[in-house]
Student: 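Got a structure for you, written out below as structure tokens; questions coming shortly.
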Amino acid sequence: MNVEKFTEDVVSIIKGIPPGRVMTYGQIAKYAGKPRGARQVVRILHAMSQRHKLPWHRVINSKGEISIPTEEGYIDQKMMLEGEGIVFLPNSKVDLTVYRYDPQLKE
């Protein structure tokens with residue numbers, strides 16, 4: 001799979017995550033055709049979020065955690081998700097069984 005196609009697919013998948021739902025980096029990579037491409041999804045998200053107006057805040061790690069290392073970024077992402085109705089568990093994780101979005105299922 002070429003890099004441009006993967007990048008286009010990742011951008012398209014992220015744009016399709018509806019408000020109040022999340023996807024994981026690995027899940028996006030899998031749907032874009034590279035099951036082991038989670039780190040590439042991170043780079044694409046970092047490089048293209050502003051340019052493509054991506055809902056970057058709806059992408060979290062496979063543990064249901066926010067992965068942003070800075071306190072400010074973490075708080076921003078958490079507030080944006082809570083603003084869309086996502087409730088965090090006491091351990092600061094998102095319950096993926098409740099909020100994970102599956103593009104193949106029509107909701």
Side-chain angles (χ1 to χ4, degrees):
M1 165 173 272
N2 76 39
V3 176
E4 285 182 22
K5 171 83 169 101
F6 178 73
T7 301
E8 288 171 14
D9 290 348
V10 166
V11 168
S12 176
I13 291 165
I14 294 169
K15 282 184 174 181
I17 305 170
R21 303 307 295 266
V22 296
M23 287 183 77
T24 67
Y25 300 102
Q27 182 189 10
I28 293 166
K30 180 180 170 191
Y31 278 110
K34 280 192 176 181
R36 299 180 59 81
R39 287 182 190 263
Q40 287 176 276
V41 172
V42 172
R43 285 192 283 274
I44 292 166
L45 199 56
H46 180 74
M48 301 193 166
S49 285
Q50 285 188 313
R51 185 179 339 151
H52 292 280
K53 296 182 174 44
L54 299 178
W56 60 270
H57 62 285
R58 297 182 189 140
V59 183
I60 59 176
N61 72 26
S62 62
K63 297 176 190 169
E65 299 169 334
I66 292 173
S67 293
I68 296 177
T70 66
E71 184 178 0
E72 182 181 346
Y74 175 92
I75 291 168
D76 285 348
Q77 185 171 6
K78 186 173 184 191
M79 287 177 60
M80 292 170 88
L81 290 172
E82 287 175 334
E84 293 182 354
I86 292 178
V87 177
F88 282 76
L89 298 169
N91 61 3
S92 297
K93 294 183 181 184
V94 171
D95 185 343
L96 293 174
T97 63
V98 175
Y99 298 106
R100 184 193 315 248
Y101 176 65
D102 184 340
Q104 291 184 331
L105 299 176
K106 299 294 180 213
E107 298 187 350

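Values reported hereafter were calculated over all heavy atoms of this structure, with side chains retained and with hydrogens, waters and symmetry mates removed.
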Student: Which atom names give the shortest non-hydrogen contact between F6 and G37, and what distance separates them?
Tutor: CZ-O, 4.1 Å
Student: Rounded to the nearest 0.5 Å, how far does NZ of K34 lie from NZ of K5?
Tutor: 12.0 Å
Student: What is the minimum heavy-atom distance between R58 and L81, and which atoms define it?
Tutor: CA-CD2, 4.0 Å
Student: Decide yes or no on side-chain contact (heavy atoms from CB on, under 4.5 Å) for V59 and I28, but give the supporting numbers first.
Tutor: CA-CA 9 Å; V59 183; I28 293 166; 3.8 Å; yes
Student: For S49 and W56, which heavy atoms make the closest approach, and how far apart are they?
Tutor: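 Closest heavy-atom pair between S49 and W56: OG-CB, 3.5 Å.
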Student: Please report the shortest heavy-atom distance between L96 and G64, naming the atom on each side.
Tutor: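 For L96 versus G64, the nearest heavy atoms are CD1-N, 3.9 Å.
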Student: Do V87 and Y99 have side-chain heavy atoms sitting under 4.5 Å apart?
Tutor: yes
Student: Where is the tightest heavy-atom contact between Y101 and I17, given as atom of each residue plus distance?
Tutor: CD2-CA, 4.1 Å
Student: Once rounded to the nearest 0.5 Å, what's the spacing between atom NE2 of H57 and atom CD1 of I68?
Tutor: 10.5 Å
Student: If you measure from the Lys or Arg side-chain nitrogens to the Asp or Glu carboxylate oxygens, is any gap between R21 and E84 under 4.0 Å?
Tutor: no
Student: Can you name the side chain to side chain contact (heavy atoms under 4.5 Å, CB included) partners of D95, sequence neighbours left out?
Tutor: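 D95 satisfies side chain to side chain contact (heavy atoms under 4.5 Å, CB included) with L89, T97, V98 only.
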Student: Less than 4.5 Å apart, any side-chain heavy atom of Y25 and any of I60?
Tutor: no
Student: As a test of understanding, state which of L54, V11, D9 forms a side-chain contact (heavy atoms from CB on, under 4.5 Å) with I44.
Tutor: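 Of the listed options, the one satisfying the test is V11.
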Student: At their closest point, which heavy atom of A32 faces which heavy atom of V10, and how far apart are they?
Tutor: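 Scanning both residues completely, I find the closest heavy atoms to be CB-CG2, 3.8 Å.
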Student: Applying side chain to side chain contact (heavy atoms under 4.5 Å, CB included), name anything that partners P35, two or more places apart in sequence or on another chain.
Tutor: none
Student: Could you check whether any side-chain heavy atom of F88 comes within less than 4.5 Å of a side-chain heavy atom of V94, counting everything from C-beta outward?
Tutor: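 Sidechains of V94 and F88: in contact.
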Student: Kindly state each residue pair satisfying side chain to side chain donor-acceptor pair (under 3.5 Å) with at least one member in residues 72-82, sequence neighbours excluded.
Tutor: none
Student: Using the test side chain to side chain donor-acceptor pair (under 3.5 Å), find all partners of E8 that sit at least two apart in sequence or belong to another chain.
Tutor: none
Student: Which residues pass the side chain to side chain contact (heavy atoms under 4.5 Å, CB included) test with S12, sequence neighbours left out?
Tutor: none
Student: Please lay out, stage by stage, how M48 and T7 fare under the test side-chain contact (heavy atoms from CB on, under 4.5 Å).
Tutor: CA-CA 10 Å; M48 301 193 166; T7 301; 3.6 Å; yes
Student: Using the side chain to side chain contact (heavy atoms under 4.5 Å, CB included) criterion, which residues pair with M79? Sequence neighbours excluded.
Tutor: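 For M79, the residues satisfying side chain to side chain contact (heavy atoms under 4.5 Å, CB included) (neighbours in sequence not counted) are I75.
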